[in-house]
Amino acid sequence: MIRLTFPDNSSREFAPGITGREVAEGISKSLAKKAVAMALDGELADLSDTIDRDARIEIVTRDDPRALGLIRHDAAHVMAEAVQELYPGTQVTIGPVIENGFFYDFHRNQPFTTEDLPAIEAKMREIVKRNAAFTKEVWPRDRAREVFRDKGENFKVELVDAIPEDQDVKIYRQGDWFDLCRGPHMASTGQVGDAFKLTKVAGAYWRGDSTKPMLTRIYGTAFAKGDELAAYLHMLEEAEKRDHRRLGREMDLFHFQEEGPGTVFWHGKGWTMFQQIVAYMRRRLRGSYDEVNAPQLLDKSLWETSGHWNWFRENMFMARSAGEETDDDRVFAIKPMNCPGHIQIFKHGLKSYRDLPLRMAEFGIVHRYEPSGALHGLMRVRAFTQDDAHVFCTEDQMAAECHRINELILSTYRDFGFEEFVVKLSTRPEKRVGSDEAWDRAEAIMGDVLREIAEQSGGKIRTGINPGEGAFYGPKFEYVLRDAIGRDWQCGTTQVDLNLPGRFGAFYVDTDGEKKTPVMIHRAIVGSLERFLGVVLEHYAGHLPLWLAPVQVVVATITSDADDFARSVQAGLEVAGLRTALDTRNEKINYKIREHSLAKVPVILVCGKREAEERSVNIRRLGEKDQASMSLETAMKALADEAMPPDLRRAGAKAAT
RNA sequence: GCUGCCGUAGCUCAGUGGUAGAGCACUCCCUUGGUAAGGGAGAGGUCGACAGUUCAAUCCUGUCCGGCAGCACCA
């Protein structure tokens with residue numbers, strides 16, 4: 001006999017070989033009817049599985065959170081059946097559950113389009129209605145191979161071959177249709193329910209490999225209940241509203257146009273915001289970094305020395321004289337990185353060990369040729385400004401410098417309102433320069449630092465390893481932020497480099513009078529200013545904190561009687577250091593409020609006859625319906641205080657104590 | 001780069017094998033109105049570019065450019 005323990009800690013004995021369904025039926029008919037799966041010692045399994053050992057058992061019903069993955073997985077199978085029923089000759093491949101739904105990849109000569117989705121969805125509902133039971137069979141490998149080969153399912157044959165020898169080849173049937181699958185599944189297709197929707201169609205490479213055939217992938221999502229699906233779809237709409245490309249247009253921050261793919265036209269307001277970020281960074285660097293500026297165009301030979309011409313050429317732009325008469329055919333590269341330039345500055349003049357660590361920063365504009373399909377608003381561009389720096393130091397100083405940088409990065413993110421981030425260590429890639437010994441040393445130091453970062457944060461900062469993802473010259477930390485639409489963006493990076501300084505022959509004079517090669521740490525905090533600005537925009541959905549808002553206050557009049565007073569209010573705010581605009585147009589106050597609210601201006605000061613007489617203002621904050629009336633003086637003081645950047649506020653608080 | 005979809009006024013979009021329309025925005029006029037659109041008039045387009053089919057192309061076909069989604073890439 002085996003002993004099964006139930007969630008209420010009661011337990012009963014059963015004959016070995018009993019199925020989950022039989023256990024459920026033994027408890028109650030209604031439970032058996034509601035059951036979609038079971039969990040044995042916490043692990044999901046088919047209801048029809050037999051149980052041969054002592055275990056904790058839970059009967060999983062459709063409203064159990066764990067059922068969601070099953071619903072989606074089964075929906076993927078139902079979709080595959082629907083597709084093969086509607087479009088014979090289509091091959092099935094894989095169909096996993098993903099974060100917000102599921103997909104299934106198909107091979108078909110004519111790819112699917114979104115216009116096919118309604119028909120597939122309708123067929124899916126039909127299959128769900130049929131409510132065929134899911135049944136599992138274990139097949140000998142050869143039979144599986146043969147059956148799929150005879151059906152023309154070549155991709156499935158490959159999948160069968162990829163299953164490790166010690167694992168069963170499992171086949172799940174639903175009516176006449178069957179698929180190779182790891183399982184588990186619910187009891188029948190009817191349990192998928194009707195809260196599903198096919199969302200999009202896209203190409204995807206077989207096995208994620210761009211040298212392999214492109215399949216057509218259909219994405220869908222499914223929920224236990226209809227209102228959950230509706231809530232999800234609503235959430236997607238809301239997320240779209242905070243897309244930085246849309247906000248950029250609505251707030252008049254920047255634009256893109258055809259002639260400059262992947263390059264930004266910054267408008268006045270966007271550039272103001274951009275410069276606020278730069279100003280913040282400059283304040284944070286003051287005292288410990290030298291800000292420098294290296295050339296945009298440098299001879300190709302420099303990039304050959306650095307290794308970029310060899311390893312990075314596909315991503316570089318090249319420039320030469322455009323003159324038709326000239327015989328100067330010298331080739332220059334537009335810099336994709338600042339490091340070679342900074343090494344030239346380091347090399348200019350003798351450096352002593354006393355100069356180290358030498359920290360060199362640049363808000364350098366770099367150009368990188370990105371694949372056209374990668375471009376995405378401000379998030380992925382071909383020309384961007386890095387808040388870049390290179391620290392030249394000794395190997396002994398490296399760990400301390402990494403920690404120093406880590407603190408700078410994390411405090412910066414917090415100042416911009418981010419609380420959640422991940423630090424990942426990327427290790428040596430296949431394409432790289434430098435000896436394995438150098439890589440061993442660099443990775444060892446970085447590994448220690450990563451552990452210390454995790455420990456010091458008390459578990460608040462998640463860390464991880466990205467094997468093989470390092471730069472060609474050294475391992476790196478990647479600092480990743482998650483944006484409001486749930487996308488992860490790599491912003492900061494710290495890269496340890498035991499190679500480039502040596503390649504360029506950079507050295508310092510050590511205590512013993514010998515020439516030594518310094519190591520170099522590449523680091524960026526927000527990374528690309530462009531991308532970071534985009535992330536910040538989405539994070540706040542355009543409702544920026546006052547210190548970042550391009551226009552902080554609009555002074556709007558109700559009647560022209562208040563124009564003179566409004567002008568004096570604006571002038572006073574400007575003197576107090578605020579960025580303001582005046583709206584004395586011949587429009588109703590409703591109209592003005594609406595327009596400035598849509599432009600996401602944080603504060604509107606309304607001035608009418610009454611305010612002009614009392615020398616007061618009426619404050620309306622973005623997103624609030626209520627207003628507050630206060631004296632001009634009080635309002636100015638409060639706004640000036642609120643507009644203080646977080647680093648200055650911190651410095652002020654420290655000075656006061 | 002790959003697959004699919006898309007490209008019409010500054011923005012959002014409609015439309016047709018016989019060279020174009022709406023709303024908002026813009027300009028002017030009226031309106032001085034107390035917290036998310038007051039009224040009227042006007043101006044504005046090489047229908048992404050280039051080729052082809054056709055008596056005739058914004059519309060059909062092809063190539064290219066750009067955008068969107070996903071994949072691949074992301075130092």
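Naming convention: chains lettered A, B, ... in sequence-line order (proteins, then strands); numbering from 1 in each chain.
- Comparing the P positions of B/U46 and B/U54 gives a spacing of 28 Å, expressed to the nearest Å.
- Nucleotide B/U63 is matched to B/A49 when pairs are restricted to Watson-Crick or G-U wobble geometry with both distances under 3.5 angstrom.
- The separation between A/K424 atom NZ and B/A75 atom P is 12 Å, rounded to whole Å.
- Atom-to-atom, CZ of A/F256 to C1' of B/C11 comes out at 17 Å; the value is rounded to the nearest Å.
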**Message:** Could you walk me through whether A/Q84 and A/V92 satisfy the side chain to side chain contact (heavy atoms under 4.5 Å, CB included) test, starting with their C-alpha distance in whole Å, then the side-chain angles of each, then the deciding distance to 0.1 Å, before giving a yes or no?
**Reply:** CA-CA 8 Å; A/Q84 288 202 311; A/V92 289; 3.5 Å; yes
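- Using a 4.0 Å heavy-atom criterion, one finds that A/Y473 contacts the sugar-phosphate atoms exclusively.
- In this structure, the ring of A/Y104 has its center less than 6.0 angstrom from the ring center of A/F106.
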**Asked** Which nucleotides of nucleotides 33-38 of chain B have their base under 4.0 Å from a protein heavy atom (B), which only their sugar-phosphate (S), and which neither (-), written as one string 5' to 3'?
**Response** BBBBBS
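- With hydrogens and angles ignored, no donor-acceptor pair under 3.5 angstrom links the side chain of A/R207 to the base of B/C71.
- Nucleotide B/C68 holds its P atom 12 Å from the CE atom of A/M379, rounded to whole Å.
- Within the nucleic acid shown, A/S372 comes within 4.0 Å of at least one base atom, counting heavy atoms only.
- Mapping A/D561 and A/S210 onto RNA chain B by nearest heavy atom places A/D561 at the nucleotide closer to the 5' end.
- Taking only distance into account, the side chain of A/Y205 meets the base of B/G1 through a donor-acceptor pair shorter than 3.5 Å.
- A donor-acceptor contact closer than 3.5 angstrom is absent between the side chains of A/T427 and A/E469.
- Look at the C1' atom in both B/U19 and B/A57: the space between them is 9 Å, to the nearest Å.
- A close approach under 4.0 Å does not occur between any side-chain nitrogen or oxygen of A/H255 and OP1 or OP2 of B/G10.
- The phosphate of B/C73 has neither OP1 nor OP2 within less than 4.0 Å of any side-chain N or O from A/R380.
- Separation of the A/F504 and A/F346 ring centroids does not fall under the 6.0 Å cut-off.
- Place A/R249 and A/R217 on RNA chain B by their nearest nucleotides, and A/R249 ends up nearer the 5' end.
- Candidate nucleotides B/A75, B/U3, B/G66 were compared by shortest atom distance to the side chain of A/P111, and B/U3 ranks first.
- A/H267 and A/F254 have their aromatic ring centers separated by at least 6.0 angstrom.
- Pair assignment for B/U58 gives none, since no Watson-Crick or G-U wobble pairing has each distance under 3.5 Å.
- Of the candidates B/G1, B/G4, B/G67, the closest approach to any side-chain atom of A/T113 belongs to B/G4.
- B/G17 and B/A75 have their P atoms separated by 50 Å, with the value rounded to a whole Å.
- A distance of about 14 Å separates the C1' atoms of B/G7 and B/C59, rounded to the whole Å.
- A/G208 comes within 4.0 angstrom of sugar-phosphate atoms only, judged by non-hydrogen atoms across all strands, and of no base.
- The nucleotide B/C24 finds its pairing partner in B/G10, both defining distances of the Watson-Crick or G-U wobble pair being shorter than 3.5 Å.
- A distance of about 10 Å separates the C1' atoms of B/U8 and B/G21, rounded to the whole Å.
- With values rounded to the nearest 0.5 angstrom, A/E530 atom CD is found 4.0 Å from A/T385 atom OG1.
- As rounded to whole Å, 13 Å separates atom P of B/A69 from atom CG of A/L236.
- The A/P261 side chain lies nearest to B/G66 when the options are B/C2, B/A75, B/G66.
- Spacing between B/C47 and B/C13 at atom C1', rounded to whole Å, works out to 13 Å.
- Applying the Watson-Crick and G-U wobble criteria (two distances, each under 3.5 Å), B/U35 pairs with nothing in any strand.
- On the C1' atoms, B/A43 is 30 Å away from B/A56, given to the nearest whole Å.
- When each of A/L247, A/L537, A/L622 is paired with A/H543, the side chain to side chain contact (heavy atoms under 4.5 Å, CB included) condition holds for A/L622 and for no other.
- Between A/H376 atom NE2 and B/C73 atom P the separation is 18 Å, expressed in whole Å.
- Atom pair A/R313:CZ and B/C74:C1' shows a separation of 20 Å (rounding to whole Å applied).
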**Worked check of salt bridge (charged side-chain N to carboxylate O under 4.0 Å, His left out) between A/D440 and A/R428** = CA-CA 9 Å; A/D440 287 342; A/R428 68 191 78 184; 2.7 Å; yes
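- Atom CG of A/L198 is separated from atom C1' of B/A69 by 15 Å (rounded to the nearest Å).
- A straight line from CG of A/L117 to C1' of B/A69 spans 13 Å, rounded to a whole angstrom.
- Aromatic pair A/H522/A/Y473: centroids less than 6.0 angstrom apart.
- Across all strands shown, B/U3 is found opposite B/A69 as a Watson-Crick or G-U wobble partner, with both distances under 3.5 Å.
- The shortest non-hydrogen separation linking A/V433 to A/N499 is O-ND2, 3.2 Å.
- Note on A/E115: nothing from the nucleic acid sits closer than 4.0 angstrom, heavy atoms only.
- One P atom belongs to B/G15, the other to B/A22, and the distance between them is 15 Å to the nearest Å.
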